Amino acid sequence: MFNKRIKIKELLSQEPEGQEVTVMGWVRTFRNNQFIALNDGSTNNNIQVVVALGSQDDELLKRITTSASLKVTGTVVPSLGKGQKMDLNATSIEILGDSDAEKYPLQPKKHSLEFLREKAHLRFRTSTFGSVFRVRHALAFAVHKFFNEKRFVYMHTPIITVSDAEGAGEMFKVTTLPLDGTAPKNEDGSINFKEDFFGRSTNLTVSGQLEGELGATAFGDIYTFGPTFRAENSNTARHLAEFWMIEPEMAFYDLEDNMNLAEEFIKYIIKYALENNKEDLEFLAQRLAEEEKQLPQDKRSEMGLLEKLEFVLNNGFERLTYTDAIQILKESNHNKKKKFQYEITGWGMDMQSEHERYLVEKHFKKPVILYNYPAAIKAFYMRQNDGCEPGKETVAAMDILAPGIGEIVGGSQREERQEKLERRMTEMHIPLEELWWYLDTRRFGTVPHAGFGLGFERMVQFVTGMTNIRDVIAFPRTPGSAEF
RNA sequence: UCCUCCUUAGCUCAGUUGGUUAGAGCAUCUGACUGUUAAUCAGAGGGUCGCCCGUUCAAGUCGGGCAGGGGGAGCCA
């Protein structure tokens with residue numbers, strides 16, 4: 001059998017007592033013609049392979065270059081050096097794959113994140129990205145673990161959709177029609193999508209929510225976790241054209257139940273990462289601290305990464321209504337000194353990210369859940385609150401805002417009353433015929449229900465402290481960029 | 001899409017009021033050393049100064065356009 005190796009993470013957890021092992025991995029550095037730092041991706045830590053003088057052919061030693069892949073067999077002994085607890089004294093070294101040192105772009109030194117973004121196919125081999133993507137995995141696994149323990153059904157909603165009704169953003173068109181102008185046309189000159197693959201116009205999904213609601217009204221609780229596509233021309237450190245979203249949808253939930261679940265969920269997956277990827281998070285915390293040394297004092301985080309995560313675990317999220325939030329903003333010194341770029345015009349305004357940041361980072365200094373937003377600025381499916389003052393109608397929506405990231409969750413209790421839902425859809429010019437299947441849930445055994453969407457990459461950003469979303473997804477898709 | 005900044009060696013960056021042959025550290029190569037921790041020491045090679053146009057006797061340096069990237073904003077998760 002070829003693969004009879006021990007993973008380095010496992011090896012490092014053992015005591016060095018002369019046992020013989022085989023490891024395989026990639027060379028991080030080769031020092032002094034004698035010490036190989038070998039990494040296999042199972043942990044950020046390397047195993048130090050020691051090559052005894054004269055034990056190996058000179059020609060072979062020359063081929064031990066950065067990122068060459070090796071199979072090493074040897075005996076594990078306590079290290080004579082200071083930096084590590086054990087050495088692997090090599091008895092045999094086999095080069096599985098050479099790495100031309102003149103051509104290999106990554107060096108054993110600090111690289112900028114921007115540079116590594118251009119080398120996204122190799123950046124997993126760096127300490128930073130190794131840690132980021134192991135944490136990403138842990139968070140993804142914890143998502144499934146959390147919902148499975150709560151007996152939610154994992155539902156795969158379609159990637160290709162027809163509903164253009166949600167208004168969640170610009171969509172990518174999916175078609176097999178020719179793009180050279182020869183596509184079949186209608187009499188009015190528009191493209192005849194009846195001739196297209198699906199016999200109608202189709203897009204990549206912007207949300208699985210509407211389909212998720214169909215599942216929730218049968219299984220009770222479901223969640224989705226899949227790719228989501230937005231064709232928006234967004235060029236920021238927190239937007240992607242292709243990202244992963246988690247959308248739980250729960251029957252027999254009101255807005256408060258929804259907020260409770262979202263908060264419990266976020267804490268659960270953070271806790272899982274802290275318990276299972278402590279080394280990676282410690283490394284990332286150190287990286288972040290060093291990066292922040294470059295920043296002026298007032299731009300640095302008040303807490304270190306681990307401190308921040310512990311703080312989030314141990315404190316309740318601040319919950320307040322949109323109305324109260326506007327009041328706080330209005331009365332803030334920040335506003336009185338006219339320091340907001342966008343004026344606080346009063347109830348009904350759509351908050352700008354500077355306003356949200358003020359609430360989260362300056363006023364409360366912890367995650368904040370805002371709820372009961374004005375109906376006019378929110379989506380059609382959100383439940384209309386009863387007993388509102390005329391002109392101040394609200395819906396049972398909630399957004400969770402995280403320090404440094406902004407909106408990480410958006411959710412609501414859904415409008416389960418058919419008549420009210422249809423009236424609102426008509427007002428907002430959403431075609432009822434197209435969503436006949438959605439409306440059927442309100443026709444046949446409708447129930448109070450709620451759900452939310454959590455941007456997975458933003459969650460990974462929050463936990464890893466990476467400031468650019470392009471550094472927490474393997475191969476980012478952004479306007480003008482789809483390499484790899 | 002808007003505002004703003006940046007683009008000089010493989011990487012990170014310096015380059016004066018426009019002036020002769022564009023520099024440094026790291027990396028690479030050659031050699032030395034051999035218990036190193038981004039090893040160290042000596043030497044060598046390595047440049048279309050993002051691209052195009054212009055101003056000028058002369059442009060890495062000044063002006064315009066384009067491309068790519070960073071930061072911020074909008075849209076949002």
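Note: hydrogens, waters and symmetry copies are ignored here, and every other heavy atom, side chains too, is used. Throughout, a chain's letter reflects where its sequence line sits, starting with A, and its residues are numbered from 1. Computed from a prediction, not measured in an experiment: that's the story for all the values here.
- Across B:rA42 and B:rC52, the matching P atoms stand 40 Å from one another, rounded to whole Å.
- The base of B:rU37 lies outside donor-acceptor range of the side chain of A:Q34, with no N or O pair under 3.5 Å.
- For the OP1/OP2 pair of B:rG71 and a distance below 4.0 Å, the side-chain nitrogens and oxygens of A:R470 include no atom meeting the criterion.
- Between B:rC26 and B:rU40, the distance separating the two P atoms is 8 Å to the nearest Å.
- Judged by distance alone, with hydrogens and angles left aside, the side-chain atoms of A:N39 form no donor-acceptor pair with the main-chain N or O of A:R28 at under 3.5 Å.
- For B:rU36, the OP1/OP2 oxygens have no side-chain nitrogen or oxygen of A:R31 closer than 4.0 Å.
- No donor-acceptor contact under 3.5 Å links the side chain of A:N468 to the base of B:rG70.
- Nucleotide B:rG70 holds its C1' atom 12 Å from the CD atom of A:E291, rounded to whole Å.
- A:R117 comes within 4.0 angstrom of the backbone, heavy atoms only, and of no base.
- Across the P atoms, B:rA14 and B:rU21 are found 24 Å apart, a figure rounded to whole Å.
- Formation of a donor-acceptor pair under 3.5 Å by the A:Q19 side chain with backbone atoms of A:E17 is found in this model.
- The six-membered or imidazole ring of A:F225 lies near that of A:F456, with a centre-to-centre distance under 6.0 Å.
- Searching all strands for a Watson-Crick or G-U wobble partner of B:rU12 with both distances below 3.5 Å returns B:rA24.
- At a cut-off of 3.5 angstrom, counting only N and O atoms as typed in the model, there is no donor on one side facing an acceptor on the other between the side-chain of A:N32 and the base of B:rU37.
- Among B:rA73, B:rU34, B:rG35, the nucleotide with an atom closest to any side-chain atom of A:L53 is B:rU34.
- Of all nucleotides present, only B:rU7 satisfies the Watson-Crick or G-U wobble test against B:rA67, with each distance under 3.5 Å.
- Going from atom CD of A:E457 over to atom P of B:rA77 covers 14 Å, rounded to whole Å.
- Of the two residues near RNA chain B, A:V409 and A:T29, the one whose nearest nucleotide lies more 5' is A:T29.
- Contact annotation for A:Q48: base contact, defined as any heavy-atom pair under 4.0 Å involving a base atom.
- Here B:rG43 sits opposite B:rC29 as a Watson-Crick or G-U wobble pair (both hydrogen-bonding atom distances under 3.5 Å).
- Evaluation of atom-type donor-acceptor distances gives a pair under 3.5 Å for the side chain of A:Q107 against the base of B:rG10.
- For the pair A:I469 CD1 and B:rA77 C1', the interatomic distance rounds to 8 Å; values are reported in whole Å.
- Going from atom NZ of A:K82 over to atom P of B:rU36 covers 9 Å, rounded to whole Å.
- Checked against B:rA77, B:rU36, B:rG35, the side chain of A:D87 finds its nearest nucleotide in B:rG35.
- Across the strands present, B:rU36 finds no partner; the criterion is a Watson-Crick or G-U wobble pair with both atom distances under 3.5 angstrom.
- Heavy atoms of A:Y342 sit under 4.0 angstrom from primed sugar atoms or phosphate atoms, though from no base atom.
- In this structure, A:F265 and A:F452 have tilted ring planes: the angle between them lies in the 30° to 60° band.
- Counting distance only, with no hydrogens placed and no angle test, the side-chain atoms of A:T236 and the base atoms of B:rG72 include no donor-acceptor pair under 3.5 Å.
- If you take atom C1' in B:rU30 and the same atom in B:rG68, they sit 37 Å apart, rounded to whole Å.
- Rounded to a whole Å, the CG atom of A:D100 is 12 Å from the C1' atom of B:rG10.
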Apply side-chain hydrogen bond (donor to acceptor under 3.5 Å, both in side chains) to residues A:S99 and A:Y104 and explain how you reach the verdict. CA-CA 7 Å; A:S99 174; A:Y104 184 67; over 6 Å; no
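- If you check every strand for non-hydrogen atoms under 4.0 Å, A:L106 touches nothing.
- With a cut-off of 3.5 Å on both Watson-Crick or G-U wobble distances, the partner of B:rG54 is given as B:rC62.
- The side chain of A:N235 lies closest to B:rU1 when the candidates are B:rC33, B:rU1, B:rC29.
- OP1 or OP2 of B:rU1 lies within a sub-4.0 Å distance of a side-chain N or O belonging to A:N233.
- With rounding to whole Å, A:I47 atom CD1 is found 14 Å from B:rU37 atom C1'.
- Regarding contacts with the backbone of B:rC75, every side-chain N or O of A:S234 stays at 4.0 angstrom or more from both OP1 and OP2.
- Here B:rA9 presents its C1' atom at 13 Å from CZ of A:F115, a figure rounded to the nearest Å.
- B:rU17 makes up no base pair with any nucleotide shown, lacking Watson-Crick or G-U wobble contacts both under 3.5 Å.
- Using a 5.5 Å limit on the distance between ring centres and a 30° limit on the angle between planes, the aromatic ring of A:F243 counts as stacked on the six-membered base ring of B:rA77.
- Between A:H144 and A:Y223, the gap from one ring centroid to the other is short of 6.0 Å.
- Under 3.5 Å, the side chain of A:H239 and the base of B:rC76 form at least one donor-acceptor pair of N or O atoms.
- Of the options A:R458, A:Q461, A:M459, a side chain to side chain contact (heavy atoms under 4.5 Å, CB included) to A:V472 is made by A:Q461 and by none of the others.
- The 5' end of RNA chain B is approached more closely, in terms of each residue's nearest nucleotide, by A:G83 than by the other of A:G83 and A:S481.
- OP1 or OP2 of B:rG74 sits under 4.0 Å from a side-chain N or O of A:Q352.
- Aromatic rings from A:Y358 and A:F340 are positioned such that their centres are separated by under 6.0 Å.
- Comparing atom distances between the A:E102 side chain and each of B:rA73, B:rU28, B:rU34 picks out B:rU28 as nearest.
- Taking atom CZ on A:F30 and atom C1' on B:rU34, their separation rounds to 11 Å, with Å as the unit.
- If you check B:rU12, B:rC75, B:rG35 against the side chain of A:S79, the one that comes closest is B:rG35.
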